[in-house]
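Naming: A, B, ... by sequence-line order, numbering from 1 per chain. Values below: every heavy atom of this structure, side chains too, minus hydrogens, waters and symmetry copies.
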Amino acid sequence: MRVRAPSVPFRPPRSFSMAVTGSVRVRLAPSPTGTLHIGTARTAVFNWLFARHHGGSFLLRIEDTDRERSRPEYTDNILEGLHWLGLDWDGEPVIQSERIEAHRAAIAQLLASGHAYRCYANEAELTAMRELQQAQNRAPRYDNRHRDLSPEQEGAFLAEGREAVIRFRIDDGAVITWQDLVRGEMRWAGSDLGGDMVIARRAPADQIGDPLYNLVVVVDDAAMAISHVIRGEDHIANTAKQLLLYAALGHTPPVFAHTPLILNQEGKKLSKRDGVTSISDFQSMGYSAEALVNYMTLLGWSPPEGMGERFSLEQAAAVFDFGRVNRAGARFDWDKLNWLNGQVLHGLDPEILRQQLLPLWAARGWGSDGPCAEADWQRQLCALLAPSLTLLADGVEQALPFFTRPEPDAAALAQLASDGARPALAALLALLPEDGEALSAEQAQALLGQAASQAGVKKGVLMKSLRAALLGSLQGPDLVTTWRLLHPSGEDRLRLQSSSTVP
RNA sequence: GCCCCCAUCGUCUAGAGGCCUAGGACACCUCCUUUUCACGGAGGCGACAGGGGUUCGAAUCCCCUUGGGGGUACCA
């Protein structure tokens, strides 16, 4: 190992396998106030990758303490999304709201040890305080006014019938530091934390109100024996506060890793307002879990030299470490996601692709009877279409002329009306073998040559016209294969008949 | 406002003082392939934000500027 001078800033080692001691236990802690967001999912990916790389556990905790906004259907959506992505978790998810007694006990402990106290300031007083600070161009912060109330002062507030929040003391002089797995040494001044923080909502002064985020996270992470907290960099300030709580509660803090954020096209934190951001939305748009998870991994992490950019979760887990996690935010790019999804689709086995397309086709009433219901025919169609798919849904659009008779577009109509087109198609029609029989590629080519010479047109004219007749378009998949797929049902004959005669 | 973080092609990134004439991927352009479109293949375009240091040597280390982002709740 290279020896570095102390002045050299911390750089995470290339591999953390040596730096990680004991068992790795990480968690994802989504709050069910919305569907599974891509930012949360990417955090899940990093947690999962880290856990699997170290043979540790990836746990789930549903942070539903905001009763106003939490909804059970969101929990379902989050769990389903993670499952679909292949991010399997260990054990049953912890439901945070069920742990409220543990949270209250911790607050009671902080009250008893003098780390926390009751603050009787009401809404109006706090608002006035902040407005004054704003007016003086100072940072808004709680001025710790009730930190050391005398028994007389406290008694007076009580006599007024005031309720109280519970605040945790944050010394202005405190200096909080930690070694961040992606950012190196982090340092935060207690005076920049906004004053003593509220850890329990307002309640009658003889009670402990609803415990708040920073407190419950620390209590739960400690109880779950979380070894590494991996979350977005928007949590950095929370980490400083939480570290203070760990110390006051007598718990050993975990190791922290703050990952870069996913940004929108404008370079701002991706939010719901940016359109499609829910995993379930990507799913219904036809993106594959494989491509999506691959893309999310690439947003902020880079694979080692020689690995390439296409990989499975397992392959990434084998080499994942925070030394290769970038520090700057990453813009979301549809082009790259689309490319990745196309790559996945192109490489799909025709039978697998058929299984995925079947329900989509069925929704259009396709493929349930007749020659088009044959599995083998469908597989051939899938093999034909696969290389041109970007989204799964493209397999519906592009299969359309195989299941239904297409309406010729303007270019196709023009082609059919051009010199030699109809005679050539008529000649081909006359040579067409019986329906119901397979047509070999060689046979098809021979027929094409024969018909073209009989009609006295170039083969290219016939090819182009045949495409117009069969697909109603001048563009599409391989012509001979298309024709062969349309032949057994006699569909080629019908389309040639209607195209070779003047309407 | 204050605090913190960040800064390489349009985008995602490689880069750990000499392997850099800065590499890869997406996008874009050209060509090949395909009697079409896509796929595939081969090329091309394209970046170290600026300024100071340190050093024989800086994309890399330090400082300043600029720009961008995050945070600043009785949400999580």
Side-chain angles (χ1 to χ4, degrees), chain A residues 2 4-5 7-9 11 14 29-33 63-66 68-70 96 119 121 123 126 130 133-134 136-142 163-167 180 183 186-189 191-194 197-203 209-210 212-214 216-217 232-238 240 258 260-261 263 265-269 295 298-306 308-310 323-324 326-340 342-343 346 385-390 394 398 448 458-464 467-468 471 473-479:
Chain A
R2 177 189 302 228
R4 288 183 175 280
S7 64
V8 172
R11 284 299 289 271
R14 272 303 185 196
S31 74
T33 53
E63 309 221 320
D64 57 346
T65 53
D66 186 340
E68 301 276 301
R69 298 190 300 150
S70 296
Q96 193 161 59
C119 167
E123 207 79 49
L126 292 175
R130 291 195 189 101
Q133 289 164 340
Q134 295 274 7
Q136 293 175 165
N137 232 337
R138 282 156 49 213
R141 72 193 307 269
Y142 174 62
E163 295 193 327
V165 298
I166 298 173
R167 288 186 185 266
D180 195 284
R183 271 146 228 282
M186 299 291 285
R187 178 177 297 264
W188 210 283
S191 54
D192 291 327
L193 256 19
M197 71 167 150
V198 179
I199 55 176
R201 278 202 171 99
R202 177 168 291 113
D210 293 336
L212 261 9
Y213 176 71
N214 282 115
V216 298
V217 165
E233 68 167 309
D234 47 345
H235 279 286
I236 288 179
N238 286 329
H258 291 95
L261 265 20
L263 277 20
Q265 316 291 330
E266 288 78 47
K268 304 210 190 291
K269 184 165 88 163
Y295 182 62
L298 247 17
L299 243 27
W301 180 76
S302 59
E305 209 71 37
E309 292 193 323
R310 287 194 56 208
R324 302 196 70 86
N326 206 37
R327 283 177 295 268
R331 256 174 243 239
F332 186 88
D333 179 29
W334 286 98
D335 283 334
K336 186 115 182 200
L337 206 216
N338 286 338
W339 173 75
L340 235 19
Q343 291 297 304
H346 301 166
L385 263 23
S388 54
L389 306 180
T390 297
D394 296 337
Q398 294 179 22
L448 249 17
K458 285 185 182 165
K459 197 178 172 190
V461 171
L462 176 55
M463 298 278 278
K464 210 171 165 186
R467 178 177 295 286
L471 294 173
S473 161
L474 260 28
Q475 296 167 1
D478 181 73
L479 183 58

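When rounded to the nearest whole Å, the span between CG of A:L340 and P of B:rA27 equals 10 Å. Following rounding to the nearest Å, A:R467 (CZ) and B:rA38 (P) show an atom-to-atom distance of 12 Å. Going from atom CZ of A:R331 over to atom P of B:rU8 covers 10 Å, rounded to whole Å. Whole-Å rounding puts the A:L263 CG to B:rG10 P distance at 17 Å. Here B:rU34 presents its C1' atom at 15 Å from NZ of A:K464, a figure rounded to the nearest Å. Atom CD of A:E68 and atom C1' of B:rA76 are 14 Å apart (whole Å). The CZ-C1' distance, from A:F332 to B:rA27, rounds to 15 Å in whole Å. The separation between A:D64 atom CG and B:rC75 atom C1' is 13 Å, rounded to whole Å.
Listed by chain and number, the residues in a side chain to side chain donor-acceptor pair (under 3.5 Å) with A:D64 are A:S97 (sequence neighbours excluded). For the side chain to side chain donor-acceptor pair (under 3.5 Å) test, residues two or more places apart in sequence or in another chain that qualify with A:Y213 are A:H235. Applying the side chain to side chain donor-acceptor pair (under 3.5 Å) rule to A:S388 yields the partners A:Q398; only residues at least two apart in sequence or on another chain are considered. When the side chain to side chain contact (heavy atoms under 4.5 Å, CB included) test is applied to A:Q134, the partners found at least two apart in sequence or on another chain are A:P140. Applying the ring pair (Phe, Tyr, Trp, His ring centres under 6.0 Å) rule to A:W339 yields no partners; only residues at least two apart in sequence or on another chain are considered. Under the side chain to side chain contact (heavy atoms under 4.5 Å, CB included) criterion, A:A139 pairs with no residue, sequence neighbours left out. Remark: A:N326 pairs with no residue by the side chain to side chain donor-acceptor pair (under 3.5 Å) rule, at least two apart or across chains.
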Collect all protein-nucleotide pairs involving nucleotides 39-44 of chain B in which both atoms are nitrogen or oxygen and the distance is under 3.5 Å.
| unit_1 | atom_1 | unit_2 | atom_2 | d |
| --- | --- | --- | --- | --- |
| B:rC39 | O4' | A:P387 | O | 3.2 |
| B:rG40 | OP1 | A:Q343 | NE2 | 3.0 |

Filtered N/O pairs between nucleotides 71-73 of chain B and protein, under 3.5 Å:
| unit_1 | atom_1 | unit_2 | atom_2 | d |
| --- | --- | --- | --- | --- |
| B:rG71 | OP1 | A:K269 | NZ | 2.8 |

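When each of A:E63 and A:A328 is assigned the nucleotide of RNA chain B bearing its nearest heavy atom, the one mapping closer to the 5' terminus is A:A328. Comparing A:S302 and A:L126 by the nucleotide of RNA chain B whose heavy atom lies nearest to each, the residue mapping closer to the 5' end is A:S302.
A salt bridge links A:R69 with A:D66: the closest approach of a Lys/Arg side-chain nitrogen to an acidic carboxylate oxygen falls below 4.0 angstrom.
Among the protein residues, A:P477 comes within range of the nucleic acid bases, having at least one heavy atom under 4.0 Å from a base atom. Looking at heavy-atom distances under 4.0 Å, A:A468 makes no contact with the nucleic acid at all. The residue A:G300 sits close only to the backbone: its heavy atoms come under 4.0 Å of sugar-phosphate atoms, none of a base. Using a 4.0 Å heavy-atom cutoff across all strands shown, A:D478 reaches at least one base atom of the nucleic acid. Here A:K459 lies in heavy-atom contact (under 4.0 Å) with a base. At a threshold of 4.0 angstrom between heavy atoms, the contacts of A:L474 include nucleobase atoms, whether or not backbone atoms are also involved. If you check every strand for non-hydrogen atoms under 4.0 Å, A:T65 touches sugar and phosphate atoms only.
Candidate nucleotides B:rA27, B:rU11, B:rC75 were compared by shortest atom distance to the side chain of A:D333, and B:rU11 ranks first.
Here the closest heavy-atom approach between residue A:R167 and residue A:C119 is recorded as NE-SG, 3.3 Å.
With a cut-off of 3.5 Å on both pairing distances, the Watson-Crick or G-U wobble partner of B:rC2 is B:rG71. Across the strands present, B:rC37 finds no partner; the criterion is a Watson-Crick or G-U wobble pair with both atom distances under 3.5 angstrom. Across the strands present, B:rU11 finds its partner in B:rA25; the criterion is a Watson-Crick or G-U wobble pair with both atom distances under 3.5 angstrom. Partner assigned to B:rA49 is B:rU65, using Watson-Crick or G-U wobble distances below 3.5 angstrom.
For A:E305 against B:rG23, a side-chain-to-base donor-acceptor contact under 3.5 Å is absent.
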